[in-house]
Number of protein chains: 2
Amino acid sequence: MSADNINMLLKTYNLRLTECRKDVIGVFMEQHHAVSQPDLELRLNHYDRVTLYRTLTTFLNKGIIHKVLDDTGLTKYALCSGHCTEHHHADEHVHFKCIKCENTICIDAVSVPAITLPDGFTYLDANLLVRGICKICQAKNNH
Amino acid sequence: MSADNINMLLKTYNLRLTECRKDVIGVFMEQHHAVSQPDLELRLNHYDRVTLYRTLTTFLNKGIIHKVLDDTGLTKYALCSGHCTEHHHADEHVHFKCIKCENTICIDAVSVPAITLPDGFTYLDANLLVRGICKICQAKNNH
DNA sequence: TGTTATTTGCAACTTTGTTGCAAAAGGCGT
DNA sequence: ACGCCTTTTGCAACAAAGTTGCAAATAACA
């Protein structure tokens, strides 16, 4: 699946197929949780920090990835599910952060409930971070 | 209201009444939106950066303030509504960030809807950031 | 007012975010 | 396969934010 898919993805967004970009998307695809820039730097340590930074910025602008808010202030990123465009992120699923393993995952199955704002406020988008204990850590506890 | 209330608040949490702490709480009380450390540094520029940092950390641990997620990665803080303790933050209201004025406010009137997680996940708490245009900026547009 | 534990300011350092510029590499027509 | 042109990368450099240790200053309380 991977290599071809990655090339297609990049071409869809009119991006050149460079090693770095392919590797970064590869990391996102094989990880099941959101990735921060420091995470990327560890995994792909043969690329310059700035290159990874710019790669993330590019992907973010194109709508390939979206930001995942984190309670530590560290920004994490995850692949968009496919409905995002350069101009609007239609990716309002719940993000779940495990307080044990500290991984943050996208829970696509659960979408963000509709929010009714007070009069005078206009709704653009929403980002919901739920904290708790994930399935894997839960299982470990009950060994 | 202010001075006495601030002293009471600090005493409730067994904290010494220092100038810095009183001033920081004062800023939180008079602001209607969440405050970041850089915000504090500008307003209270006669205190050392580190002192403000440690004051925020202390307040956070005691449950006097809570973190407000921000889409820029910059951490903001706001006063807790009174139900938070050292061990649990029961402060699940919606946070609203205006994309015009960039202020983030707590909307106490709107609470975070109940979220049903997939099997195996345990819910601890949730943080919901809604982005849009606030009442004030909306009004400005229609001058 | 004096003693003690806490808090503050300073110095120093780490990590993350950001920009400019020249060298390297991708895409495309031939 | 080659060369040209545009985009991307790596390096250097700097800005901003987070974090720790330690000695001096200060709050609490007798």
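All chains are named by letter (A, B, ...) in the order of the sequence lines, taking the proteins before the strands, and each is independently numbered beginning at 1. As the structure is a computational prediction, the values presented were derived from the model and not from experiment.
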Residue [X], side-chain atoms from C-beta onward, closest of [options]:
X	options	answer
A/D48	D/dC11, D/dA17, C/dT7	D/dC11
B/R49	C/dA12, D/dT9, C/dT8	C/dA12
A/R16	D/dT8, C/dT7, C/dC10	D/dT8
B/L15	C/dT7, C/dG17, D/dT9	C/dT7
B/T18	C/dT7, C/dC10, D/dT8	C/dT7
A/R54	D/dC11, C/dG17, C/dT7	D/dC11
A/Y53	C/dG17, D/dT8, D/dT20	C/dG17
A/T51	C/dT16, D/dG10, C/dG27	D/dG10

Inset, instruction - Return the minimal non-hydrogen interatomic distance between B/H32 and B/I105, and the atom names on each side. - result: O-CG2, 3.3 Å
Inset, instruction - Would you name the heavy atoms of A/D70 and B/L69 that are closest together and state the gap between them? - result: O-CD2, 3.5 Å
Report the distance from atom [atom1] of [X] to atom [atom2] of [N], rounded to the nearest whole Å.
X	N	atom1	atom2	result
A/N14	C/dC28	CG	C1'	14 Å
B/D23	C/dG9	CG	P	11 Å
A/R21	C/dA25	CZ	P	15 Å
B/D39	D/dA16	CG	C1'	14 Å
B/E41	C/dG9	CD	P	12 Å
A/D70	C/dG17	CG	P	12 Å
B/L74	D/dA17	CG	C1'	9 Å
A/L52	C/dT16	CG	P	12 Å

Inset, instruction - Indicate yes or no: at least one non-hydrogen side-chain atom of A/K67 is less than 4.5 angstrom from one of A/L60. - result: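 Result yes, sub-4.5 Å side-chain heavy-atom pair found.
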Inset, instruction - With the side chain counted from C-beta on, respond yes when A/N127 and B/D71 share a heavy-atom pair under 4.5 Å apart, and no when they do not. - result: no
Legend entry - DNA chain C: 5'-proximal contact among A/P38 and B/Y47 (nearest heavy atom):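 This one resolves to B/Y47.
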Legend entry - Qualifying residue for side chain to side chain contact (heavy atoms under 4.5 Å, CB included) with A/F121, from B/C137, B/C98, B/C134: B/C134
Inset, instruction - Between B/T75 and B/E19, name the one whose nearest nucleotide on DNA chain D is closer to the 5' end. - result: B/T75
